[in-house]
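Whatever order the structure lists ligands and atoms in, that order sets their numbers, starting from 1.
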Amino acid sequence: MATIVQKFGGTSVGTPERIQRVAARAVRAHRAGNRVVVVVSAMSGETNRLLSLAGQISQAPHHREIDVLVSSGEQVSIGLVALACCELGVEARSFLGSQVRITTDDAHGMARIRDIDADSVVAALDRGEIVVVAGFQGVNEDGQITTLGRGGSDLSAVAMAAALKADVCEIYTDVDGIYTTDPRVVADARKIDRITFHEMLELASLGAKVLQTRSVEFAMKYEVPLHVRSSFDESEGSWVVPEEEGMEGAVVTGVAFDRNTAKLTVLGVPDVPGTVADLLFPLGEAGINVDVIIQNTAIDGRTDVTFTVSQTEMERAVALAQVVANRLGASGIVADAHVAKVSVVGAGMRSEAGVAVAMFRHLGQANVNIQLISTSEIKISCIIDEKFTELAVRVLHEAFRLHEAPAA
Ligand code: ASP
Ligand code: MG
């Protein structure tokens, strides 16, 4: 008897008919002899609707109340899904995060899961029921409702799968798997059959939207196999799995891009120990993620420090950096919102030299200027002018022949 966690996103539970389809799928898996746990998001658009209601009432709402409010979207979904399963003749029981019980830290709006005590879920499964769990929410040590950050239902599903030692965590979505790049940009983007946790983690954090980054981290840590597949048909999707012997089919597995990138350059910073730390410290304190960082060679004891942040945080980052720049006697700050990050990812890169050079050459031939570069073991990212994003993605997809299935 296998234990299967099935996660359905907002689009998959967006209407009563779709909820009936979700229930039908859960019931099928249950009748096939599996122990089935369904994790659901709020109906599509609902979380945004609730947040905008709060925005009309309060400019600086208390985080605790926001969590009470937005977690209600998932409460609606679990009730409806459980009812739909019952209509199909299988007992089902819904669980809020607090009923499971999913314990988190106190960070309202971006809580981290500390512990899952799944005893009551296990008892329901033992009774032969389908269990329907609210995604995105937990409860802190003293019983306050918390939420896990936008897109957090993926994380709830993976965490439930880890706690139950499930055989698979199926992520049902409106696309039929993970693609070599966004098919809206490259028409012959190909569905990937198997991808490693590491590669998926890079792709997710570099801009691929199909899985929430933290959920991939969690799945990797607890080795929960993920199957990303379509909620609209039965087709096989993409598997995210631990790295296996002989899996290195492709040097490059995918191309990711992120237009939500902005570049800041602090000019004329004194070239003495501690200045970069001084510059970036207040950004870290303010929760702003700094990505690519470059410090140039000093001329006459002064240097330029360039770094990227997400475009949505640019204004805040400039304001914070300006204070330090003034104190250090730097000559100014230049900010550019019109940049994007384009990245190639592949586990096979570790053993294959020359991927970076090939990437730079192809971008050069397409007349795309590279402004900044950063690399890790299995990815290379370039910051470029935002208006060349699609061109760069197409050129790289073609250059690394990602439309072709890798040799087995
Ligand atoms: N409903 C939440 C959101 O919209 C969580 C999720 O959908 O995963 O972010
Ligand atoms: Mg941008």
Examine D154 against ligand 1 and note whether any of their N/O atoms are separated by less than 3.5 Å.
no

From I130 CD1 over to R35 CZ, what is the distance, rounded to the nearest 0.5 angstrom?
12.5 Å

Counting distance only, does the side-chain N/O of N34 pair as donor-acceptor with the main-chain N or O of V36 below 3.5 Å?
no

Is it the case that D67 and T147 place a side-chain donor and acceptor less than 3.5 Å from each other?
yes

Looking at ligand 1, does G9 have a heavy atom less than 4.0 Å from it?
no

Which residue holds the protein heavy atom closest to atom 3 (C) of ligand 1, what is that atom called, and what is the gap in Å?
R150 NE, 3.3 Å

Ligand 1 contact on E46 by region, counting heavy-atom pairs under 4.0 Å:
neither

List every atom of ligand 1 that sits less than 4.0 Å from any heavy atom of G151, numbering the atoms from 1 in the order shown and giving each element.
3 (C), 5 (C), 6 (C), 8 (O), 9 (O)

Checking the N or O distance criterion of under 3.5 Å, is ligand 1 in contact with F136?
no

Looking at E74, which atoms of ligand 1 are within less than 4.0 Å of one of its heavy atoms?
1 (N), 2 (C), 5 (C)

Evaluate the side-chain proximity of N140 to D142: yes if any heavy-atom separation is below 4.5 Å, no if none is.
yes

Determine, step by step, whether K263 and E386 satisfy the salt bridge (charged side-chain N to carboxylate O under 4.0 Å, His left out) criterion, reporting the C-alpha distance in whole Å, the side-chain angles of both residues, the deciding distance to 0.1 Å, and the verdict.
CA-CA 11 Å; K263 186 179 75 167; E386 190 175 320; over 6 Å; no

Test item, G135 contacting ligand 1 (heavy atom, 4.0 angstrom):
no

Run through T180, V251, V344 and flag the one making a side chain to side chain contact (heavy atoms under 4.5 Å, CB included) with F400.
V344

Among protein heavy atoms, which sits nearest to atom 7 (O) of ligand 1, and what does the distance come to when rounded to 0.1 Å?
S41 OG, 3.1 Å

Tell me if a side-chain donor or acceptor on S156 pairs with a main-chain N or O of F136 at a distance below 3.5 Å.
yes

Polar contact flag for T47 and ligand 1 (N/O pairs, less than 3.5 Å):
yes

